[in-house]
Amino acid sequence: MRPDTPAEHIAEAERLIRTATRYPEDQEPLLLQAAAHLELGDARDRASALYDQLLASSPADPHLIKALQSANLWEYGHEPEARALIQGIRAAAPEDPAPWEVIAETLEAHDELTASEECFTEAAALLITENAPLTQATTALLTGRHRVRRLLGLPHDEWDMVADTRHIGPIPLDELHDPKRIWALGSDDPAELRAEIARLRAELGDRRAALSRPFPVAILHWPARELAELLTSYPTLAAEYPSHEAHLTHIESSLRALAASGTTNLGIVTASVPSYEAFAASEKTSPASPSLLPEYATTLAARGKATPWPPTPNTPCWCTSAKPYAECHGDPQAR
């Protein structure tokens with residue numbers, strides 16, 4: 001169940017912290033997820049302690065952790081420390097878009113619009129070059145930059161035009177980021193109010209999903225050999241997996257159904273019998289229990305083990321057939 005209340009976010013954070021103690025090799029992504037839940041549960045001091053713990057352990061992504069720490073610190077009254085972290089990140093000029101986006105949005109959230117625009121622009125100049133084509137992450141930087149520049153009343157430049165072109169939503173960026181939209185909230189015209197509600201939904205939908213689901217919705221994929229071993233050891237699970245071919249078809253159809261329903265951030269996690277048995281032991285549950293399977297998938301996703309779905313058409317299919325996705329499970333005639 002998706003955490004919705006502060007108490008549920010705290011409980012989920014504590015579960016992730018316990019999982020991190022059992023899987024120290026995955027401590028960093030697990031504790032980052034736990035810190036996000038603590039922030040959502042208004043336990044910002046505990047989140048700060050987790051960020052400090054991670055920074056003291058030679059993390060793989062220290063700039064992102066510092067950026068998240070800066071956002072958290074500013075929210076509960078530690079502005080000077082937050083500013084110092086932000087300045088340090090800007091000076092370090094990381095080549096990952098994520099910390100840039102976090103610190104720029106932190107500045108934006110606290111009405112530091114000029115500094116926010118400068119951060120977005122520094123990141124774009126550093127990361128978007130002829131030898132580095134646009135990715136989803138760098139496009140997000142341009143989208144944030146577009147929003148802040150609209151708030152500042154600045155004219156469009158080339159990067160703003162790129163952001164407009166890359167935007168695929170039903171409402172143009174210029175309309176989404178129009179500062180005058182707020183005036184519509186005082187209108188007495190029901191049609192204007194309905195239009196504004198639609199714009200707000202389009203703008204905030206992805207952010208709400210990211211906050212409420214900080215890791216992918218993932219489907220378990222059992223390779224053929226692992227599935228055979230699983231069913232030999234736990235034959236009661238045969239009702240869940242009538243055949244390996246049916247299992248693969250079910251994965252693709254389930255993900256397509258989720259995507260059609262509007263669910264984003266989808267992924268596939270590859271299962272193994274030893275890992276599954278270890279998870280069952282940690283949960284004090286029999287591996288033969290079908291209800292354990294989705295919990296195992298969620299835990300693997302929380303540990304950063306999910307592969308994003310769908311692959312690009314020419315990428316090898318997720319099923320490990322070595323065929324391009326478009327010629328395998330991505331082919332409508334193959335389903």
Residue pair S289, S286: steps toward the side chain to side chain donor-acceptor pair (under 3.5 Å) verdict: CA-CA 6 Å; S289 172; S286 168; over 6 Å; no
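- Between P290 and P294, the shortest heavy-atom contact is O-CD, 3.5 Å.
- A salt bridge does not link K66 to D61: none of the charged side-chain nitrogens sits closer than 4.0 Å to a carboxylate oxygen.
- Tracing side-chain contacts under 4.5 Å through hydrophobic residues (I, L, V, M, F, W, Y), one never reaches Y51 starting from L16; they form parts of separate clusters.
- Closest heavy-atom contact between S70 and A82: O-CB, 3.3 Å.
- Taking hydrophobic clusters as Ile, Leu, Val, Met, Phe, Trp and Tyr residues chained together by side-chain heavy-atom distances below 4.5 Å, L292 shares a cluster with L300.
- The aromatic rings of Y234 and Y276 lie perpendicular to each other, with more than 60° between the two planes, well past the 30° mark.
- Counting non-hydrogen atoms of neighbouring residues, nucleotides and ligands closer than 6.0 angstrom, the CD atom of E95 reaches no more than 12 such neighbours.
- Side-chain contact check for T299 and Y23: no donor-acceptor pair (N or O, by modelled atom type) lies under 3.5 Å.
- Within a 6.0 Å radius of CD in E158, other residues, nucleotides and ligands contribute 12 heavy atoms or fewer.
- Here the closest non-hydrogen pair linking A218 and A297 is O-CB, 3.8 Å.
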L237 vs L293, side chain to side chain contact (heavy atoms under 4.5 Å, CB included): CA-CA, chis, key distance, verdict: CA-CA 10 Å; L237 294 179; L293 295 166; 4.3 Å; yes
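- Formation of a donor-acceptor pair under 3.5 Å by the T232 side chain with backbone atoms of A228 is found in this model.
- Enclosure of atom CZ in R225 is not indicated, since only 12 or fewer non-hydrogen atoms of other residues, nucleotides or ligands lie within 6.0 angstrom.
- In this structure, H247 and H221 have parallel ring planes: the angle between them is below the 30° cut-off, well short of the 60° mark.
- If you take OG on S243 and CG on L248, they are separated by 8.5 Å, rounding to the nearest 0.5 Å.
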Chi angles and distances behind the salt bridge (charged side-chain N to carboxylate O under 4.0 Å, His left out) call for R147, D174: CA-CA 8 Å; R147 179 181 61 251; D174 274 350; over 6 Å; no
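- Hydrophobic clustering keeps L30 apart from L54 (ILVMFWY residues linked when any side-chain heavy atoms are closer than 4.5 Å, directly or through intermediates).
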Verdict with supporting geometry, R15 and E295, salt bridge (charged side-chain N to carboxylate O under 4.0 Å, His left out): CA-CA 12 Å; R15 186 187 73 81; E295 295 181 27; over 6 Å; no
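- Distance check: H37 NE2 to E8 CD gives 11.0 Å after rounding to the nearest 0.5 Å.
- Side-chain contact between P99 and D96 is present, with heavy atoms from C-beta onward closer than 4.5 Å.
- Summarising the geometry of R149 relative to P155, their closest heavy-atom pair is NH2-O, 2.7 Å, with the distance given to 0.1 Å.
- Counting only heavy atoms from C-beta outward, the side chains of C119 and S116 never approach each other to under 4.5 Å.
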Pair H177-T143, side chain to side chain contact (heavy atoms under 4.5 Å, CB included): steps then yes or no: CA-CA 10 Å; H177 297 163; T143 301; 4.0 Å; yes
Worked verdict on R83 versus E112 for salt bridge (charged side-chain N to carboxylate O under 4.0 Å, His left out): CA-CA 11 Å; R83 287 184 180 277; E112 302 275 348; 2.5 Å; yes
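- We find that R150 and D160 are not joined by a salt bridge, their nearest charged nitrogen and carboxylate oxygen being 4.0 Å or further apart.
- Here the shortest heavy-atom pairing between A98 and L64 reads CB-CD1, 3.9 Å.
- With values rounded to the nearest 0.5 angstrom, I128 atom CD1 is found 4.0 Å from L142 atom CG.
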Steps toward side chain to side chain donor-acceptor pair (under 3.5 Å) verdict (Q69, S48): CA-CA 6 Å; Q69 175 73 300; S48 183; 3.2 Å; yes
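- L73 belongs to a hydrophobic cluster whose other members, connected by ILVMFWY side-chain contacts under 4.5 Å either directly or through intermediates, are Y76, L85.
- The aromatic rings of W318 and H329 are tilted relative to each other, their planes meeting at an angle between 30° and 60°.
- Both V269 and V273 are members of a single hydrophobic cluster when ILVMFWY side chains are connected at heavy-atom separations under 4.5 Å.
- Remark: the backbone N or O of L258 is paired with a side-chain donor or acceptor of S261 at under 3.5 angstrom.
- Between I219 and L255, the shortest heavy-atom contact is CG1-CD2, 3.5 Å.
- The hydrophobic cluster containing L231 also contains F279, counting ILVMFWY residues as joined when their side-chain heavy atoms lie under 4.5 angstrom apart, directly or transitively.
- E108 CD to T114 OG1: the interatomic distance, rounded to the nearest 0.5 Å, is 12.0 Å.
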Steps toward side chain to side chain donor-acceptor pair (under 3.5 Å) verdict (T121, E117): CA-CA 6 Å; T121 301; E117 195 273 341; 2.9 Å; yes
Residues E252, Y325; criterion side chain to side chain contact (heavy atoms under 4.5 Å, CB included); working and verdict: CA-CA 11 Å; E252 183 71 21; Y325 175 64; 2.5 Å; yes
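- The line from CD1 of I17 to CG of L31 is 6.5 Å long, rounded to the nearest 0.5 Å.
- Residue L127 shares its hydrophobic cluster (ILVMFWY side chains chained together at separations under 4.5 Å) with W74, I86, I89, W100, I103, L107, L113, F120, L126, L141, V148, L151, L152, L154.
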Side chain to side chain donor-acceptor pair (under 3.5 Å) between E240 and H250, intermediate numbers included: CA-CA 10 Å; E240 303 293 319; H250 177 71; over 6 Å; no
L68 and L32: CA distance, side-chain angles, deciding distance, side chain to side chain contact (heavy atoms under 4.5 Å, CB included) verdict: CA-CA 9 Å; L68 294 169; L32 282 176; 3.8 Å; yes
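- Residues P316 and P311 form no side-chain contact, since every pair of their non-hydrogen atoms from C-beta on lies 4.5 Å or further apart.
- A donor-acceptor distance shorter than 3.5 angstrom exists from the side chain of T21 to the backbone of R18, with no hydrogens or angles considered.
- Ring centroids of H146 and H156 are separated by less than 6.0 Å, placing the two rings close together.
- A salt bridge does not link E39 with R46: every distance from a Lys NZ or Arg NE/NH1/NH2 to an Asp or Glu carboxylate oxygen is 4.0 Å or more.
- Atom CG of residue L266 and atom CZ of residue R256 lie 11.5 Å apart, to the nearest 0.5 angstrom.
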